[in-house]
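Below is one structure; the comments refer to it alone.
The analysis underlying the following values was restricted to heavy atoms, covering all of them including side chains, and did not include hydrogens, waters or symmetry mates. A, B, ... follow the sequence lines: proteins, then strands. Residue 1 opens every chain.
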Number of protein chains: 2
Amino acid sequence: MKPATALPAQKKTRANDISDSQLRGLFGYNLKRSFSALQVDLLRVLDRFDLRMVPFSTLVMIVENPGLRQSQLADALAIERPNLVVVLDTLERRELITRDRVPTDRRAYALRATLAGHQLCEKAYRAVQAHEARYLNRLSTAEREALSSALNKIRTTFEEAGE
Amino acid sequence: MKPATALPAQKKTRANDISDSQLRGLFGYNLKRSFSALQVDLLRVLDRFDLRMVPFSTLVMIVENPGLRQSQLADALAIERPNLVVVLDTLERRELITRDRVPTDRRAYALRATLAGHQLCEKAYRAVQAHEARYLNRLSTAEREALSSALNKIRTTFEEAGE
DNA sequence: TATTGTTATACTCTATAACTATA
DNA sequence: TATAGTTATAGAGTATAACAATA
């Protein structure tokens, strides 16, 4: 179909011809670079609400699961309990969540979002959806589904294999 | 319709019905979780060669681009120059690369891999490919292409937008 | 004056051991 | 003895300012 000799239309990416075809051949490398680039933008969006990725995820999970315990939350978010504590401390100090003792188990706390927490979560979530639309709009429906499916397969390949 | 007596319930890990459909609705969250899970396995693979992700990428790039300068390399890998210095220090101390003065510009160093560097790179790269095959085998050709295309679109959406 | 490589530093994210108070 | 939450800490990864040598 294409003549092999007649395509000088190389992407004039950077100054000297530095090739990274070896690294580009690794999906893991592309995944890292894509996520890093995405994260820069996402962090800027969340910064408007004084949130970072883990506090945002934490708030969303508490709103969706009122009464959740810290250990359940840490497990669901795949973060360590000690790291969650400081996140919850900050969210509680900002009066976005409450920690209530569980009557049936006085070791545990039931996590709930305050009214302010619900409102901030709603606004931040919509902003994140707008951020996502920036690149999702460039993907076809088939591509989105393939991406979603592929990400889930990658995740389960390694997560369920007993880390 | 099973008798409730026989089975001691499911695994304790999925104990109460905690939903994360809100977060799962965000591609960025799935991307992060997938990459994190993949990274755990990848780091274990690289650890056999006493390499981390950045040193591995660095070595691959130097092997593919002999004579590369540090600033070019940092740019290609999207890492900061100061952080690259310590990576190169370690690779040089292990005698995997050399730093030679550029005659035409005595400020710069030309980076080259030693024989040992080439050999380690070759072995590590093959091990990483085997790691990749673990999840790529579960993806159809269409899924791989969609994943690759989608990752590139995500990357260019944010990388070219002037970070 | 600008650029290359460098040093020092700081901030985020993540991981682990060990403690307390309950169960 | 085991579990929920906590404290303290250490290790990576990443980001910026400022410097010396060179262009």
Is B/S149 reaching over with its side chain to a backbone N or O of B/E145, donor-acceptor style, under 3.5 angstrom? no
Any idea which of C/dT6, D/dT22, D/dA2 is nearest the B/D105 side chain? D/dT22
How long is the line joining CG of B/L68 and C1' of C/dT4, in whole Å? 13 Å
Which sits closer to the 5' end of DNA chain C, A/V102 or A/Q39, going by the nucleotide each is nearest to? A/Q39
Report yes if a side-chain nitrogen or oxygen of B/Q70 is closer than 4.0 Å to either non-bridging phosphate oxygen (OP1 or OP2) of C/dT6; otherwise report no. yes
If we only count heavy atoms from C-beta on, is the B/E159 to A/R33 side-chain gap below 4.5 Å? yes
Assign each of B/V86 and A/V86 to its nearest nucleotide of DNA chain D by heavy atoms, then name whichever residue's nucleotide is nearer the 5' end. A/V86
Between B/R69 (CZ) and C/dT3 (P), how many Å, whole number? 13 Å
Can you check side chain to side chain contact (heavy atoms under 4.5 Å, CB included) on B/L77 and A/L23, steps first, answer last? CA-CA 10 Å; B/L77 291 174; A/L23 290 178; 3.8 Å; yes
Is there a side-chain contact between A/L31 and A/L151, using heavy atoms and a 4.5 Å cut-off? yes
Which of C/dT7, C/dA17, C/dG5 is nearest the side chain of B/Y109? It is C/dG5
Is the backbone of B/E95 close enough, under 3.5 Å, to the side chain of B/T114 for a donor and an acceptor to pair up by distance? yes
Heavy atoms from C-beta onward define the side chain here; which of C/dT4, D/dT16, D/dT7 lies closest to that of B/E80? D/dT16
Check the angle between the aromatic planes of B/F158 and A/Y135 and answer parallel, tilted or perpendicular using the 30° and 60° thresholds. perpendicular
Out of D/dA15, C/dT6, C/dA23, which nucleotide sits closest to the side chain of B/N83? D/dA15
Using whole Å, what does the distance between atom C1' of nucleotide D/dG13 and atom CG of B/L43 come to? 11 Å
Hey, does B/R101 reach any base, or is it just sugar-phosphate, or nothing, if we go heavy atoms under 4.0 Å? nothing
Measure from the side chain of B/D89, starting at C-beta and using heavy atoms only, and say which of D/dT7, D/dA4, C/dT7 lies closest. C/dT7
A/V85 side chain: which of D/dT7, D/dA23, D/dT14 is closest? D/dT7
Between atom CG in A/L84 and atom P in C/dT16, what is the gap in whole Å? 16 Å
Roughly how many Å is it from CZ in A/R81 to C1' in D/dT3, rounded to a whole number? 10 Å
Roughly, in whole Å, what's the span from CZ in B/R107 to P in C/dT4? 6 Å
Rounding to an integer number of Å, can you tell me how far A/D47 CG sits from C/dC11 C1'? 14 Å
Is the shortest side-chain N/O distance from A/R106 to OP1 or OP2 of C/dT22 below 4.0 Å? yes
With the side chain defined as heavy atoms from C-beta on, A/R52 is closest, among C/dT22, C/dT12, C/dT16, to C/dT12
Does A/S71 put a side-chain nitrogen or oxygen below 4.0 Å from OP1 or OP2 of D/dT3? no
OP1 or OP2 of C/dT14 versus the side-chain N and O atoms of B/K32: is any pair under 4.0 Å? yes
B/F35 CZ to C/dT14 P: how many Å, rounded? 11 Å
